[in-house]
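Throughout, protein chains are lettered first and strands after them, A, B, ... in sequence-line order, and every chain is numbered starting at 1. Quick caveat: nothing in here was measured; it's all calculated off a predicted structure.
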There are 2 protein chains.
Amino acid sequence: MGASKTHIFSPTHNELAQIAKVMAHPARVAILEYISKQDACICNDLVDVIGLAQPTISQHLNEIKKIGLLKGTFEGKNLCYCINQERWEELQQAFHTFFSNINRNCC
Amino acid sequence: MGASKTHIFSPTHNELAQIAKVMAHPARVAILEYISKQDACICNDLVDVIGLAQPTISQHLNEIKKIGLLKGTFEGKNLCYCINQERWEELQQAFHTFFSNINRNCC
DNA sequence: ATTTTATATTGCAATATTACGATAAAGCAA
DNA sequence: TTGCTTTATCGTAATATTGCAATATAAAAT
């Protein structure tokens, strides 16, 4: 046992959970915030800014990439990670939709 | 190693991560959605609705309770869980604030 | 008082995540 | 080429999460 039973849940619920999972680590929240406020980003900056080892940062970046939140291009010699703005807004909308449904006539 | 280094992150980042963690499982997303759309909720309903064993549902409910999203009162013979609306709106605001900061002049 | 019903807790096995040292790969500079 | 810098991957240990059977608790019904 131990594996999440994703198959019994709806795609919508699974997707929101997957998005939330990426945000469920303070390092990734910090990374996202940092990148979203920069014009560009070089991974090595993050090692200093966040305070985790370079392989760890690389792994966290990969998790963020998996849900499509980053687009990367080369800028001179360094890889440049940026927020994928379209996707960012999709996620914002997903959370907004989720939080907007609440019944006010409760105990 | 393996433990998250929460101490190196800001309270804001840790809190958002903690909230996201609760939403990072489809069962909890489904539970929250279900409760938020009901006037009341009896845990045993959830066992049928969600499709996980009763102890598992109980544990998930506990995670949700930990971040203050539920208030429970007794209604007749059954415990009634409801969404804590104030807290719900706080979380909505937290996500909204997070997603609202993005630099548009990127690569 | 006993049974039934609803929820919580315990204990444990399976799986997932986190972190980092070591190492590899890829580009640039000399 | 050789060396330097930056990022990715591998391997592994520590920790956390998930799920459920078994059991406990607590309130209501009989």
Side-chain angles (χ1 to χ4, degrees), chain A residues 1-9 13-14 17-31 34-35 40-67 70-82 107, chain B residues 1-9 13-14 17-31 34-35 38 40-67 70-82:
Chain A
M1 316 279 151
S4 288
K5 293 184 155 182
T6 52
H7 61 283
I8 68 173
F9 303 107
H13 291 163
N14 278 315
Q18 213 174 352
I19 293 165
K21 203 174 214 170
V22 171
M23 298 182 62
H25 194 289
R28 291 194 291 264
V29 173
I31 289 171
Y34 182 76
I35 301 181
C41 167
I42 295 145
C43 182
N44 198 246
D45 282 3
L46 287 172
V47 174
D48 300 333
V49 173
I50 307 294
L52 291 170
Q54 178 268 323
T56 308
I57 296 291
S58 183
Q59 277 175 29
H60 281 307
L61 277 171
N62 210 39
E63 294 300 311
I64 297 172
K65 245 188 275 180
K66 273 187 199 162
I67 57 161
L70 295 182
K71 45 178 186 177
T73 55
F74 286 93
E75 185 193 69
K77 92 174 181 184
N78 298 318
L79 182 52
C80 163
Y81 288 101
C82 304
C107 49
Chain B
M1 314 282 152
S4 288
K5 294 183 156 182
T6 53
H7 61 282
I8 69 172
F9 303 107
H13 290 163
N14 278 315
Q18 214 174 350
I19 294 165
K21 202 175 213 168
V22 172
M23 299 181 60
H25 194 290
R28 292 193 291 264
V29 173
I31 290 171
Y34 181 77
I35 301 180
Q38 306 291 318
C41 166
I42 295 145
C43 182
N44 197 246
D45 282 3
L46 287 172
V47 174
D48 300 331
V49 173
I50 307 294
L52 291 171
Q54 179 268 323
T56 309
I57 296 291
S58 183
Q59 277 175 28
H60 281 307
L61 277 171
N62 208 40
E63 294 301 311
I64 297 172
K65 244 187 275 179
K66 274 186 196 161
I67 58 161
L70 294 182
K71 45 178 186 178
T73 56
F74 287 91
E75 185 192 69
K77 91 175 183 183
N78 298 317
L79 183 51
C80 163
Y81 287 100
C82 304

Hey, which of these two, B:Thr6 or A:Pro55, hits DNA chain C nearer its 5' end, going by closest nucleotide? B:Thr6
Go nucleotide by nucleotide along DNA chain C from the 5' end; which of A:Ala53 and A:Lys21 gets its closest nucleotide reached first? A:Lys21
Rounded to the nearest angstrom, tell me the gap between atom [atom1] in [X] and atom [atom2] in [N].
| X | N | atom1 | atom2 | answer |
| --- | --- | --- | --- | --- |
| A:Ile50 | C:dT18 | CD1 | C1' | 15 Å |
| B:Gln59 | C:dC12 | CD | C1' | 12 Å |
| B:Asp48 | C:dT7 | CG | P | 11 Å |
| B:Ile57 | C:dT7 | CD1 | P | 11 Å |
| A:Ile64 | D:dA8 | CD1 | C1' | 15 Å |
| A:Asn62 | C:dA19 | CG | C1' | 15 Å |
| A:Leu46 | D:dT5 | CG | P | 19 Å |
| A:Asp45 | D:dT5 | CG | P | 16 Å |

Is there a side-chain polar atom (N or O) of [X] under 4.0 Å from OP1 or OP2 of [N]?
| X | N | result |
| --- | --- | --- |
| B:Lys5 | C:dC20 | yes |
| A:His25 | C:dA19 | yes |
| B:His60 | D:dT17 | no |

From [atom1] ([X]) to [atom2] ([Y]), nearest 0.5 Å:
| X | Y | atom1 | atom2 | answer |
| --- | --- | --- | --- | --- |
| A:Asp45 | A:Tyr34 | CG | OH | 4.0 Å |
| B:Ile31 | B:Leu46 | CD1 | CG | 5.5 Å |
| A:Ile57 | A:His60 | CD1 | NE2 | 6.5 Å |
| A:Arg28 | B:His13 | CZ | NE2 | 13.5 Å |

Can you find a donor-acceptor pair, distance only, under 3.5 Å between B:Gln54 side chain and C:dA8 base? yes
Return the 5'-most residue of the pair A:Thr56, B:Glu63 with respect to DNA chain D, ranking by each residue's nearest nucleotide. A:Thr56
Indicate the ring-plane relationship of B:His25 and A:Phe9, choosing parallel, tilted or perpendicular according to the 30° and 60° boundaries. perpendicular
